[in-house]
Amino acid sequence: MAITYELLKECPHTHARAGILHTPHGDIETPIFMPVGTKATVKAVLPESLKEMNAQIILANTYHLHLRPGEDIVKKAGGLHKFMNWDGPILTDSGGFQVFSLGKINTITDDGVEFRSHIDGSRRFISPEKSIQIQNDLGADIIMAFDECVPYGADREYTERSLKVTVDWAKRCHAYHKQTQTQALFGIIQGGMFPDLRSQAVEQTCAIDFPGYSIGGLSVGEPKEIMYELLDHTAPLMPRNKPRYLMGVGSFDALMQGVSSGIDMFDCVMQTRMGRNGTALVRSGRINLKNACYKEDFTPIESDCDCYVCRNYTKAYLRHLVISQEILAATLISIHNLHATLRFIREIRNAILMDNFLDFKLNFEKLWYNK
RNA sequence: GGAGGGAUGCCCGAGUGGCUAAAGGGGGCGGACUGUAAAUCCGUUGACGGAGUCUACGAUGGUUCGAAUCCAUCUCCCUCCA
């Protein structure tokens, strides 16, 4: 098996747990946050910086790399790790999210999805088998089943039908992929906003023997309370001896809630997108560095943060870079945001290991919600 | 000395009788961002608490029911010819 999960500790009061994910490119301490590098680059951030902030695994995207440069090029380069100069673990998303995010230019059939390339408008067909083939060529450590991420607001009938398709696709992905020493295929649990469909999804998806499972289709526009309820309903139903991955979620409060529900892995674009848009994440929320109040603020984003940015730059300088539209602003704020998130999840992990998770959580919530 | 062109809100700039508190940029201020079609998108930007009133298009005076827009004079700026 390419991936094995080692459970180290479970919180006696919540579903939180700490463990280690062994991969061909190294061990990952879970719970973990995974920076997103859609097009084989974590936008604006050097791999060296990712190493310094102790990023343990990063993401890339099947759909985007298939369109450009093409998986054949990546394969020729010697695989994704070599191509992008990242020797740690990599996870590729299957393109399932693009079925959702590019929904206006897609047509879904039972067999797969016809995409209109957002780059040149050409027709591209991705089936479960095609997605796996692309991901095999890309060569990430963890690859994902091809699914449909159901849009928020989808009714029961649509969600039910979509779930059937996603489960069917999961079986096809599983059949097509040879679980090798170097690549593990994860299944994805859908089911929209319906708890009983989520239960069904867990049952049907986990009946297929994947080395890990993820929850997809959350944080697609629903109120947070609904997401948290579904999360707390779904995650504990998933196999205890395998990693659980919540896709696309990464705000501090959501990480806390996710871990509490028993999630081990998270990814999110928010850290780098906000970094590019001038917003810095801090423990109690976020600050918009464009705001005039930082004009003469010669202190770091967070005084107790040990990231490269907080050690060397002030808010006044970062504000100046953002306002001047200097490219370094994107780099520096992204670095801080990723670092802050990784630090946060590391502290969560330590708290679990020290039998202190519940207190840690309560303290965090006091800070986060009482503003 | 002569001939012509121009002065618009924080800046640039459109507008040449009523639909103009005045297009469009920029700048300022604020907001959003969650498996990335995003270095993106949205709002706001004369004053007074509103549908309302007032103050505004270099200055002053005039024509008109009505003027940023027409006329006169003045002030300043630019171009060309001497």
Side-chain angles (χ1 to χ4, degrees), chain A residues 33-45 57-65 67-68 91-106 115-121 124 131 135 140 142-150 152 166 186 188-190 213-224 227-228 231 245-255 257-258 263 265-281 285-295 319 321-334 337 341:
Chain A
F33 171 79
M34 309 183 279
V36 180
T38 303
K39 299 186 219 170
T41 167
V42 176
K43 291 185 194 294
V45 180
I57 170 170
I58 60 177
L59 254 71
N61 184 276
T62 300
Y63 169 80
H64 290 280
L65 293 176
L67 289 188
R68 203 157 53 187
L91 182 153
T92 44
D93 187 24
S94 61
F97 184 70
Q98 278 62 45
V99 181
F100 160 80
S101 66
L102 303 173
K104 291 169 286 274
I105 48 177
N106 294 340
F115 290 91
R116 297 300 297 261
S117 160
H118 69 276
I119 296 171
D120 63 6
R124 305 302 180 103
S131 174
Q135 295 189 79
I142 300 172
I143 69 176
M144 300 303 299
F146 191 60
D147 65 328
E148 188 201 351
C149 181
V150 184
Y152 179 61
T166 288
F186 280 24
I188 302 178
I189 290 151
Q190 290 289 345
Y213 299 92
S214 70
I215 297 177
L218 290 185
S219 196
V220 288
E222 76 280 14
K224 282 203 163 175
M227 174 170 100
Y228 293 159
L231 199 51
Y245 163 27
L246 174 57
M247 307 185 80
V249 172
S251 63
F252 286 9
D253 55 330
L255 291 178
Q257 202 63 41
I263 299 294
M265 304 161 71
F266 303 85
D267 78 279
C268 195
V269 306
M270 176 191 272
Q271 280 69 11
T272 48
R273 179 176 289 167
M274 286 190 172
R276 274 173 279 126
N277 293 335
T279 299
L281 300 177
R286 57 171 76 161
I287 64 173
N288 189 341
L289 286 165
K290 278 186 273 202
N291 290 172
C293 59
Y294 302 117
K295 205 174 209 162
R319 175 181 140 86
L321 292 182
V322 174
I323 298 280
S324 310
Q325 296 178 57
E326 279 295 334
I327 201 161
L328 186 61
T331 295
L332 294 180
I333 305 170
S334 294
N337 286 349
T341 307

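What's counted below: heavy atoms across the whole structure, side chains too, no hydrogens, waters or symmetry copies. Chain letters run A, B, ... following the sequence lines, proteins first and then strands; every chain starts at 1.
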Which is true for A:Asp147 with a 4.0 Å heavy-atom rule: it touches a base, it touches only sugar-phosphate, or it touches nothing? base
Might you point out which heavy atoms bring A:Tyr152 and A:Val220 nearest each other, and give the distance in Å? CB-O, 3.5 Å
Give A:Ser214 one of three labels, base, sugar-phosphate or nothing, depending on what nucleic acid heavy atoms sit under 4.0 Å from its own. nothing
Indicate the atoms forming the closest heavy-atom contact of A:Gly248 with A:Cys268, along with that distance. O-SG, 4.1 Å
Write down the distance separating the C1' atoms in B:rA22 and B:rU45, rounded off to the nearest Å. 14 Å
Determine the interatomic distance between P on B:rG24 and the same-named atom on B:rU69; round to the nearest Å. 22 Å
Check A:Ser94 against A:Ala145 and note the closest heavy-atom contact, atom names and distance. OG-O, 2.9 Å
Donor-acceptor pair, A:Asn291 side chain versus A:Cys293 backbone, under 3.5 Å? no
Listed range with range, the stems formed with RNA chain B by at least 3 consecutive Watson-Crick or G-U pairs (under 3.5 Å) are B:1-7 with B:75-81, B:10-12 with B:24-26, B:27-32 with B:40-45, B:46-48 with B:52-54, B:58-62 with B:70-74
Expressed in whole Å, how much space separates the C1' atoms belonging to B:rC65 and B:rU60? 24 Å
Checking all strands, does A:Arg124 fall into the base, sugar-phosphate, or nothing category for heavy-atom contacts under 4.0 angstrom? nothing
In short, A:Cys149 meets A:Phe97 closest at the heavy-atom pair SG-CD1, 4.2 Å
Nearest-nucleotide wise, let me know which of A:Ala330 and A:Asn288 is further upstream toward the 5' end of RNA chain B. A:Asn288
Name the first nucleotide and the last nucleotide along RNA chain B (5' to 3') that come under 4.0 Å of a heavy atom in chain A. B:rG28 to B:rU40
Tell me what A:Ile188 touches on the nucleic acid: a base, only sugar-phosphate, or nothing, going by heavy atoms under 4.0 Å. base
Have a look at A:Gly217 and say if it touches a base, only the backbone sugar-phosphate, or nothing, with a 4.0 Å heavy-atom cut-off. base
Taking atom P in both B:rC19 and B:rC54, compute the distance separating them and give it to the nearest angstrom. 16 Å
Categorize A:Gln190 for me: base, sugar-phosphate, or nothing, with a 4.0 angstrom heavy-atom threshold over every strand shown. base
Least distance between heavy atoms, A:Phe146 atom then A:Val99 atom: CZ-CG2, 4.0 Å
Whole-angstrom distance between B:rA68 and B:rG18, as gauged at atom C1': 13 Å
Mind checking if A:Asp267 touches a base, just sugar-phosphate, or nothing, with heavy atoms under 4.0 Å? sugar-phosphate
Please report the shortest heavy-atom distance between A:Ala254 and A:Val249, naming the atom on each side. CB-CG1, 3.3 Å
Between A:Thr341 and A:Gln271, is the side chain to side chain donor-acceptor pair (under 3.5 Å) condition met? List the steps. CA-CA 8 Å; A:Thr341 307; A:Gln271 280 69 11; 3.0 Å; yes
What is the nucleic acid contact for A:Ile323, judged by heavy atoms within less than 4.0 Å: base, sugar-phosphate only, or nothing? sugar-phosphate
Hey, does the side chain of A:Asp267 reach the backbone of A:Met34 with a donor-acceptor pair shorter than 3.5 angstrom? no
Side-chain donor/acceptor of A:Ser214 to backbone N/O of A:Gly216, under 3.5 Å: no
Taking atom P in both B:rA3 and B:rG58, compute the distance separating them and give it to the nearest angstrom. 25 Å
P gap between B:rG61 and B:rG25, integer Å: 37 Å
Between B:rU20 and B:rG46, how many Å separate the two C1' atoms, rounded to a whole number? 14 Å
Could you check whether A:Gln98 gets within reach of a base, just the sugar-phosphate, or nothing at all, counting any heavy atom under 4.0 Å? sugar-phosphate
